[in-house]
Amino acid sequence: MGSFWKPGSERPTYRPSVAFRGDEEFPLGLFEDSSHLSIEKRRHKHPIYKHRHELLYLVKAHAVTVVIGETGCGKTTQLPQYLSEAGWAEGGRLIACTQPRRIAAQTVALRVAEEMGVSVGAEVGYSIRFEEVTTPGKTRIKFLTDGVLIREMMADPLLSKYSVIMVDEAHERSVTTDVLLGLLKKIQKRRPELRVIIASATMDATNVAAFFDTSAEKFKASAAKESLPDRTPGMISVEGRSHSVRVHYSIEPVPSYLLASVSTTLSIHKLEPPGDILLFLTGQDDVDAAVQLLTTEAEQLPRKSTGLVVLPLYAGLSRADQELVFRPAPQGRRKVIVSTNIAETSVTIPGIVYVIDSGFSKQRFYNPLTDVDALVVAPISRASAEQRAGRAGRMRPGKCFRLYSEDTYCNDMKAETIPEIQRSNLVSTVLQLKALGIDNIMRFDWLAPPSSEAMIRALELLFAIGVLDTDAKLTPLGHQVAEFPLEPMMAKMLLSSNSYSCSPEAVTIAAMLSVQSIWVSSKGRQKELDDARDSFAVVEGDHVTYLNVYESFLRAKQSPQWCHQHLINYQAMKTVVDVRKQLSRLLQQLGFSLKSCDGDTKCILKAVTAGFFAHAAELEPSGDSYKLVRGGQRMYIHPSSVLFRTTPKWVVFHSVMVTERMYMREVAVTDSDWLFEVAPHYFDRRRRSHTLG
DNA sequence: TTGTGGTGT
């Protein structure tokens with residue numbers, strides 16, 4: 001990768017004192033225009049309409065149809081309508097269209113309902129977590145998140161109410177998409193008449209088509225074989241509605257993508273016609289640093305009227321701060337959005353004409369040998385680079401400046417991002433598959449198989465927490481755990497809370513830990529944030545602290561102002577309220593009573609320990625680090641924990657994240673006696689090597 | 001000893 005720094009090496013430094021005025025440091029002349037690699041497109045008014053007959057023919061003739069077409073070509077909004085008109089939703093059967101994101105499922109449903117002139121929830125509906133807007137017997141087209149469809153399979157393993165299932169945005173290759181595709185292939189063996197449509201923007205379609213090509217397999221169909229669809233997938237490509245994007249590469253590798261991105265932004269501002277700029281960096285740190293540098297520069301620009309409006313964008317921002325990026329810049333000014341990967345797929349900002357691509361993103365990597373998740377800055381794939389470039393061509397022809405050379409693009413970058421399933425801890429996925437009756441996980445037909453080490457790790461943990469038996473079959477507890485939309489250890493904590501009479505408290509803790517961040521992130525307010533957190537802190541650790549935050553939120557009558565005052569994310573707290581309701585209902589359905597422990601925190605800690613004993617760690621004699629019972633790695637309490645700077649002898653934690661060190665995040669105090677009490681089978685074996693107590 | 005790419009049930 002030329003002079004790019006690699007994950008694990010020292011981060012590139014920047015000097016905020018560097019002046020970019022004059023922009024000689026990185027003028028646009030240092031980019032080369034590579035027109036043969038430009039994304040050349042023409043704008044069509046109704047691209048998918050032209051292919052309507054061919055599409056309908058393919059779906060009728062083939063069990064699987066792969067549709068390649070970028071966002072905006074109409075495959076999501078119009079194809080389900082064509083299918084419905086062609087009679088695929090008759091006889092009470094539905095057409096399903098899955099989306100990776102809640103908001104997409106909802107907005108697409110609203111748009112299609114509007115186009116069809118019906119009200120949403122009638123002929124066209126959607127189903128996302130906490131919100132089912134459909135009418136049984138009336139709804140013909142249903143948009144849903146792929147996670148919801150997998151949940152539906154628990155009650156209806158063959159998805160018998162659907163005649164067609166379209167999996168949209170399959171190129172994103174989320175864990176749920178990959179699992180769903182494997183499951184659909186399996187379902188089609190039992191339901192050869194089920195039609196599957198895989199819709200994707202830029203995916204390597206031949207790969208997916210090959211996966212679904214079952215034409216060579218022996219096929220036992222007693223019914224009229226002639227009426228069954230061809231088991232060789234059909235394929236069609238639909239041109240998009242976006243404009244051409246001219247791609248420019250850096251002639252030389254850049255020594256610092258952060259510095260280069262700042263000077264490139266200033267060069268574009270100086271030399272290019274009006275149009276907003278989207279800059280892709282890796283994380284909150286980078287984004288905040290670039291915003292600061294650009295803001296300083298913007299203030300020094302000669303005329304205020306042609307100034308820059310610089311805005312950060314990342315998931316940790318409050319909803320209000322995120323929404324600022326949608327506001328048009330004041331007349332005559334140019335907007336610059338400095339963003340993480342959130343702008344690559346999740347947030348679409350109108351009016352972007354220029355994209356600057358650093359070539360990097362943060363990616364999660366799970367190491368099954370150490371059982372640790374790491375978040376590392378890594379080079380993006382060519383597919384990801386194309387996706388980023390495409391963000392410049394939604395309004396009119398645009399330009400993309402890549403802060404890496406054409407040689408790097410062609411020779412060093414991977415064609416596709418490694419599918420998430422191969423970078424993830426599989427505990428939840430394996431349990432889900434087990435609950436769906438997939439007995440042999442190792443032989444599940446994966447589109448991209450995860451490593452056997454990762455699968456074995458997951459099976460080991462599920463066995464340790466009593467969810468699987470020695471034959472790797474679900475235990476009665478396992479069936480209950482699988483009912484919950486939670487990580488298995490968290491669900492185990494919840495189910496154990498009944499024995500300790502603290503279920504309402506455990507429900508709150510599970511809900512609080514389910515949302516990404518309760519605290520708002522905001523640059524330069526770290527001290528304030530620490531103080532806000534410390535005002536709720538208790539000696540029992542982060543779990544009971546979260547309980548304290550939630551109960552204070554209730555006492556404050558769920559007030560947004562109160563949240564703002566305490567640097568708490570109001571949206572996140574509203575989600576916690578919804579999750580609590582869902583979890584409480586599930587517990588009650590299983591016949592558990594929701595009996596409170598009335599402030600007896602020992603009960604709460606025992607319940608937490610019962611769920612997370614496999615994440616127990618003991619203070620090392622040195623007194624500054626911990627040793628993980630399972631694996632023996634050295635770990636540290638994360639600085640964001642209320643237990644940072646304290647040294648309880650035993651702790652259990654929710655998750656580990658590696659940066660420079662291995663950090664335990666969300667840590668609770670525990671006790672060696674409790675560990676024995678909740679998991680004698682687990683600790684007895686290790687007694688000799690880990691003398692508890 | 002010091003810090004959270006993005007989704008979702």
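Sequence lines set the chain letters: A, B, ... in the order given, protein chains first and strands last, and positions in each chain run from 1.
Checked against B:dG5, B:dT1, B:dG3, the side chain of A:R533 finds its nearest nucleotide in B:dG3. Counting only heavy atoms from C-beta on, A:R151 has its side chain closest to B:dT9 among B:dG3, B:dT1, B:dT9. The side chain of A:F644 approaches B:dT2 more closely than any other nucleotide in the set B:dG6, B:dG3, B:dT2. The side chain of A:D530 lies closest to B:dG3, out of B:dT4, B:dG3, B:dT7. Closest to the side chain of A:I342, from the set B:dG8, B:dT7, B:dG5, is B:dT7. The A:A315 side chain lies nearest to B:dT7 when the options are B:dT7, B:dG3, B:dT4. Here the side chain of A:R645 is nearest to one of B:dT1, B:dT7, B:dT9, namely B:dT1. Considering only side-chain atoms of A:Y663, the nucleotide from B:dG8, B:dG3, B:dT7 that sits closest is B:dG3. Counting only heavy atoms from C-beta on, A:Y636 has its side chain closest to B:dT1 among B:dT1, B:dT9, B:dT2.
Using a 4.0 Å heavy-atom distance criterion, A:T145 is classed as a sugar-phosphate-only contact. Within 4.0 Å of A:I150, counting heavy atoms only, lies no atom of the nucleic acid at all. Here A:R129 lies in heavy-atom contact (under 4.0 Å) with a base. When heavy atoms are screened at a 4.0 angstrom cut-off, A:T340 is found touching the sugar-phosphate backbone but no base atom. A:E420 comes within 4.0 angstrom of a nucleotide base, judged by non-hydrogen atoms across all strands. Heavy atoms of A:S346 sit under 4.0 angstrom from primed sugar atoms or phosphate atoms, though from no base atom.
Scanning atom types as modelled, no donor and acceptor separated by under 3.5 angstrom connect the side chain of A:R102 and the base of B:dT7. For B:dG6, the base has no donor-acceptor partner in the side chain of A:E172 [N/O atoms by modelled type, under 3.5 angstrom].
DNA chain B is contacted by both A:G283 and A:T647; A:T647 maps to the nucleotide lying nearer its 5′ end (nearest heavy atom per residue).
For the side-chain hydrogen bond (donor to acceptor under 3.5 Å, both in side chains) criterion with A:H654, the lone passing option out of A:R665, A:H543, A:E487 is A:E487.
Atom CE of A:M662 is separated from atom C1' of B:dT4 by 18 Å (rounded to the nearest Å). Atom CG in A:L529 sits roughly 13 Å away from atom C1' in B:dT2 (whole-Å rounding). If you measure from atom CE of A:M512 to atom P of B:dT4, you get 20 Å, rounded to the nearest angstrom. Atom CD in A:Q432 sits roughly 10 Å away from atom C1' in B:dG8 (whole-Å rounding). Atom CG in A:L375 sits about 14 Å away from atom C1' in B:dT7, given to the nearest Å. Here B:dT2 presents its C1' atom at 8 Å from NE2 of A:H638, a figure rounded to the nearest Å. Rounded to whole angstrom, the span from the CD atom of A:E152 across to the P atom of B:dG8 amounts to 17 Å. What separates CD of A:Q322 from C1' of B:dT7 is a distance of 13 Å, to the nearest Å.
Under a 4.0 Å N-O distance rule, the pair A:K574/A:D578 does not qualify as a salt bridge.
With rounding to the nearest 0.5 angstrom, the CZ atom of A:R423 is 14.5 Å from the OH atom of A:Y366.
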CA sep, side-chain torsions, deciding dist, call: A:R388, A:N341, side-chain hydrogen bond (donor to acceptor under 3.5 Å, both in side chains): CA-CA 9 Å; A:R388 287 180 174 189; A:N341 245 11; 2.8 Å; yes
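Between A:F553 and A:Y550, the ring-plane angle classifies as tilted under the 30° and 60° cut-offs.
Side-chain atoms of A:E620 and A:S622 include no donor-acceptor pair closer than 3.5 Å.
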